[in-house]
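Okay, structure first, notes after.
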Protein chains: 2
Amino acid sequence: MSAGPVLAGPDGRIPDMSAQRRKGGEVMAPIRVGLLGCGVVGTEVVRQLQTQADDLTQRVGAPLELVGIAVRRAKRIPEKAAELGVPESLFTTDSAELVTRGCDVVVEVIGGIEPARSLILSAMEHGASVVSANKALLAEDGATLYAAAEKHGVDLYYEAAVAGAIPLLRPLRESMVGDQVHRVLGIVNGTTNFILSRMHETGAGFTEALEEASALGYAEADPSADVEGFDAAAKAAILASLAFHSRVTAADVYREGITEVSAADVASARDMNSVIKLLAICELSPDGSTIGVRVHPAMIPRSHPLAGVGDAFNAVFVEAEAAGQVMFYGRGAGGGPTASAVLGDLVAVARHKVVGGRGPGESAYAQLAVRPMGETITRYYICLDVAEKPGVLAQVAAAFAEHGVSIQTVRQHGHADDATLVVVTHRAPDSALAATVAHLRTMDAVRAVASVMRVEGDLES
Amino acid sequence: MSAGPVLAGPDGRIPDMSAQRRKGGEVMAPIRVGLLGCGVVGTEVVRQLQTQADDLTQRVGAPLELVGIAVRRAKRIPEKAAELGVPESLFTTDSAELVTRGCDVVVEVIGGIEPARSLILSAMEHGASVVSANKALLAEDGATLYAAAEKHGVDLYYEAAVAGAIPLLRPLRESMVGDQVHRVLGIVNGTTNFILSRMHETGAGFTEALEEASALGYAEADPSADVEGFDAAAKAAILASLAFHSRVTAADVYREGITEVSAADVASARDMNSVIKLLAICELSPDGSTIGVRVHPAMIPRSHPLAGVGDAFNAVFVEAEAAGQVMFYGRGAGGGPTASAVLGDLVAVARHKVVGGRGPGESAYAQLAVRPMGETITRYYICLDVAEKPGVLAQVAAAFAEHGVSIQTVRQHGHADDATLVVVTHRAPDSALAATVAHLRTMDAVRAVASVMRVEGDLES
Ligand SMILES: NC(=O)c1ccc[n+]([C@@H]2O[C@H](COP(=O)([O-])OP(=O)(O)OC[C@H]3O[C@@H](n4cnc5c(N)ncnc54)[C@H](OP(=O)(O)O)[C@@H]3O)[C@@H](O)[C@H]2O)c1
Ligand SMILES: NC(=O)c1ccc[n+]([C@@H]2O[C@H](COP(=O)([O-])OP(=O)(O)OC[C@H]3O[C@@H](n4cnc5c(N)ncnc54)[C@H](OP(=O)(O)O)[C@@H]3O)[C@@H](O)[C@H]2O)c1
């Protein structure tokens with residue numbers, strides 16, 4: 001795409017030329033956009049490119065021209081073309097060819113690792129900037145994509161990969177880049193949020209709530225990426241990478257899904273005036289030398305701002321040294337909202353093609369290590385069925401003490417054979433808390449560990 | 001700063017050179033930063049430049065070098081220099097000279113129209129990109145600053161001007177730029193939010209609550225910019241400009257402050273299970289041809305997410321066609337939070353100096369006209385003291401009907417001489433609502449119009 005030589009000034013910096021370029025007022029050649037995938041998100045991208053065409057032209061400084069749409073199944077092309085009002089000839093099943101057609105920008109909304117990765121790399125090699133919504137790929141192998149973008153001098157943007165329509169990555173990557181982020185905490189998966197909400201509302205167990213979610217289209221045919229926490233873990237890896245300028249992959253993330261959350265856990269939460277949410281948490285250690293990245297269900301007080309976040313919504317808190325706490329809230333998924341984020345990125349990278357410049361590349365200079373979950377400082381809620389005998393509380397307390405875990409509150413319910421001890425701990429290393437639970441399970445005085453749940457925020461007790 | 005010729009490719013586009021530049025791995029010349037003003041915000045900017053120096057170098061790709069700090073009062077320099085641990089020689093009272101010293105970036109945190117504007121223009125003329133926190137100037141004359149930035153090929157960033165630490169302008173300007181924004185609505189002034197909160201908590205009148213705010217340092221010596229709504233109006237103008245790609249100045253904004261909000265209004269709100277907040281509202285008309293921009297107190301239901309926004313916090317909703325509703329929440333003012341936003345901008349514009357490129361310029365292509373407040377569609381809450389005579393309600397209802405205003409709910413309280421009618425209208429042009437109120441005031445049956453307040457959100461009744 002480039003030809004003439006470009007020379008930096010004597011100070012080694014590149015003079016900016018946009019003013020002199022725009023002055024001419026010449027009509028710009030269109031920006032050629034290739035679209036990979038035309039499913040839930042891709043369809044909305046095409047729609048918005050159509051309905052917003054004039055505005056996008058103004059905002060980019062040149063028209064956006066859709067040069068091809070790659071899908072997998074040829075037989076669905078006529079229907080899609082008709083639905084979107086575009087010629088069938090715009091569609092192709094040869095995605096590998098589309099990315100070599102001299103696109104200025106390739107939008108990847110296929111999902112999954114392959115062929116998405118190869119297609120993106122090939123697109124970059126052919127000079128295209130890339131906009132992707134692919135959290136799985138970014139979290140597994142973002143470094144490879146960034147390196148290719150760097151090598152070929154193109155942009156890599158992926159706002160839509162985390163929290164759908166909510167501007168979150170750009171604020172982290174750019175607005176808060178002058179500050180030190182301490183913590184990112186949020187609800188980033190709508191399916192699990194729906195299921196947990198239903199469990200709270202109806203008292204249903206996990207399986208029943210999942211069935212309802214599937215029936216209502218809130219869960220995919222194979223729900224494991226959501227309910228096992230893989231989707232949230234990928235997002236957590238991306239958030240941690242950006243917040244802490246370190247390379248964090250999905251494999252680095254401690255991950256517990258919601259499949260083990262029981263109706264009893266939910267009832268326990270209700271007794272504590274709390275709710276259970278699947279949280280993604282990325283934290284800097286107090287000395288700033290390591291980071292913790294985890295996804296797990298947690299009990300949070302009803303008064304916590306995340307407690308009220310409903311079904312399809314996502315909400316993320318970012319805590320930074322100077323900024324304090326900032327919260328972002330909005331629709332975390334769905335074709336329209338996700339396409340909104342894709343289009344924002346598309347305008348940004350297309351503008352760069354028009355006026356020059358590039359967005360931030362990978363920033364992993366801090367190279368902070370991810371500490372194991374065992375070293376992460378957490379708090380537990382533990383509900384025990386115990387024999388109502390004198391001395392039981394003392395034995396239980398001794399078990400906590402043995403592992404160096406101090407108890408914040410303990411409450412005893414019931415009498416005779418049916419006593420329950422509800423313990424909320426102070427903060428301690430997760431390994432010590434886990435060891436305490438394991439120890440409790442072996443004690444004669446403890447009939448059963450009825451419920452164990454990590455706690456975030458201050459439970460009222 | 002530039003010297004060598006720069007040639008665009010045959011397609012008229014500028015090839016990106018950042019990859020080839022960074023490859024050399026050479027140490028970059030420092031980015032020279034001039035700071036105008038060292039008060040609440042400036043002091044924190046200097047602090048963060050110091051404590052974050054290594055990280056900022058990595059994130060920018062070159063060290064940031066503070067080349068001078070301009071203040072007004074020479075006699076305070078020794079104290080400031082000592083407090084910040086920087087040499088006194090770094091300070092100057094000659095701000096006009098500082099901006100001609102070949103700065104790469106000038107940070108303007110003086111405030112007000114002059115000399116801030118002249119200094120910024122001079123800085124740009126001398127090749128500096130500008131980061132400003134100056135909402136008053138941006139709202140009054142942003143177009144002049146943008147034109148100068150365009151002419152001299154430099155950046156103009158001002159994230160800190162609206163909603164302090166909350167990333168809001170960049171999301172609007174960049175993340176949501178592929179979408180169509182319909183509405184921006186929020187709480188953007190902390191002082192008035194504190195005063196209104198106190199009025200709700202204690203039942204105090206405006207004057208009393210203002211005194212308390214002053215005593216606690218929440219209000220400035222001259223509080224008029226805040227309580228008369230000028231500060232919020234400037235922010236509304238900036239938000240509307242960015243959201244609707246049109247030039248909107250502070251003078252275009254319909255503005256009502258909180259000085260007329262009475263203890264009776266607050267009591268009325270309480271009766272309606274509502275609170276009064278000073279809102280900034282920017283809206284596209286339903287046909288997309290005009291915009292409304294206004295700042296006024298409004299009654300919102302307690303269940304509204306803005307109802308719970310406390311003292312020093314700001315919260316802003318952005319509603320867009322595809323994204324749906326997105327919310328941003330955080331600290332709206334204070335030295336640290338505001339400096340966080342300034343530093344984010346500083347990193348962005350400094351990066352552009354290092355790797356080339358420029359941020360978005362003015363985007364006012366849509367040129368939408370601002371419609372008069374009278375044509376804006378609003379809803380009113382009206383509380384009337386009426387004579388308890390047969391036929392009063394019919395007379396009152398007739399007055400509404402005469403102005404084409406339809407009533408959503410009406411409630412009658414009390415008996416005998418002391419009856420009260422509480423009316424909540426349906427949506428109608430503000431001029432029709434205002435005319436209705438004026439008419440009611442002239443009616444014999446109406447002893448007094450005890451309270452009138454615009455309504456946002458759905459009041460429960
Ligand atoms: N859906 C959401 O709410 C959401 C939210 C945020 C992020 N995302 C991300 O956005 C991406 C797309 O999600 P989606 O929900 O739109 O997926 P989808 O509905 O399953 O659509 C996938 C599209 O990719 C096409 N495709 C599959 N393999 C292909 C191949 N080898 N070559 C060319 N095209 C191929 C499919 O073709 P056929 O039409 O022929 O099947 C389909 O059009 C994923 O990375 C997802 O994680 C989605
Ligand atoms: N404070 C906040 O929370 C906040 C939040 C968002 C945005 N802002 C914006 O940030 C800007 C600065 O606010 P601030 O609260 O930091 O104000 P401030 O505390 O009053 O400080 C103003 C600084 O500017 C200096 N100054 C005044 N006139 C000058 C001149 N002619 N030449 C050089 N320096 C001059 C002052 O010098 P002396 O020190 O000698 O007086 C002082 O250092 C304003 O635009 C404000 O609207 C502030």
Side-chain angles (χ1 to χ4, degrees), chain A residues 1-19 29 48 52 56 58-59 150-151 153 159 165-167 170-171 174-180 320 322-331 336-337 339-340 343-344 346-348 352-358 363 365, chain B residues 1-19 26 29 48 52 56 58-59 150-151 153 159 165-167 170-171 174-180 320 322-331 336-337 339-340 343-344 346-348 352-353 355-358 363 365:
Chain A
M1 219 187 68
S2 85
V6 179
L7 302 177
D11 58 353
R13 297 199 196 135
I14 293 150
D16 183 280
M17 310 136 289
S18 44
Q48 292 179 38
Q52 295 267 100
L56 293 172
Q58 295 285 347
R59 296 173 193 183
E150 184 70 25
K151 180 170 167 202
E159 181 67 67
I166 310 172
R170 187 177 273 100
E174 303 182 41
S175 310
M176 300 181 80
V177 72
D179 205 341
Q180 190 181 27
Q325 210 171 51
V326 177
M327 205 253 263
F328 303 83
Y329 173 88
R331 289 184 191 279
S340 169
L343 268 279
L346 179 52
V347 170
H352 291 154
K353 294 281 183 179
V354 174
V355 303
R358 250 177 71 208
S363 178
Y365 70 88
Chain B
M1 219 186 71
S2 86
V6 178
L7 303 178
D11 57 354
R13 296 200 197 135
I14 294 150
D16 183 278
M17 309 137 287
S18 44
E26 80 277 46
Q48 291 179 38
Q52 295 268 97
L56 293 171
Q58 295 285 349
R59 296 174 192 182
E150 184 70 25
K151 179 170 170 200
E159 181 66 69
I166 310 173
R170 187 177 273 98
E174 304 182 39
S175 310
M176 301 182 79
V177 72
D179 205 341
Q180 190 181 27
Q325 210 172 50
V326 177
M327 205 253 264
F328 303 83
Y329 173 88
R331 289 185 189 278
S340 169
L343 269 278
L346 180 50
V347 170
H352 291 154
K353 293 283 183 178
V355 303
R358 249 177 70 208
S363 178
Y365 71 87

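Here is how names work: the chains are called A, B, and so on, in the same order as the sequence lines, proteins then strands, and each is numbered from 1.
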For chain A, the option from B:G336, B:G330, B:A323 that forms the most heavy-atom pairs under 4.5 Å: B:A323
Polar side-chain atom of A:Q52 near backbone of B:G178 as donor-acceptor pair, under 3.5 Å: yes
Main-chain N/O of A:G357 paired to B:R358 side chain as donor or acceptor, under 3.5 Å: no
Residue, of A:E174, A:M176, A:Q325, A:Q48, that accumulates the most heavy atom pairs under 4.5 Å with chain B: A:E174
Residue selection (most heavy-atom pairs with chain B, distance under 4.5 Å) from A:A165, A:S175, A:P337: A:S175
Heavy-atom pair of closest approach, residues B:G344 and A:V177: O-CG1, 4.0 Å
Beyond-backbone contact of B:P167 with A:P167, side-chain heavy atoms, under 4.5 angstrom: no
Residue, of A:F328, A:Y365, A:Y329, that accumulates the most heavy atom pairs under 4.5 Å with chain B: A:Y365
Proximal component of B:L56, with respect to chain A [non-hydrogen, under 4.5 Å]: side chain
Residue, of B:R170, B:R331, B:R59, B:M327, that accumulates the most heavy atom pairs under 4.5 Å with chain A: B:R59
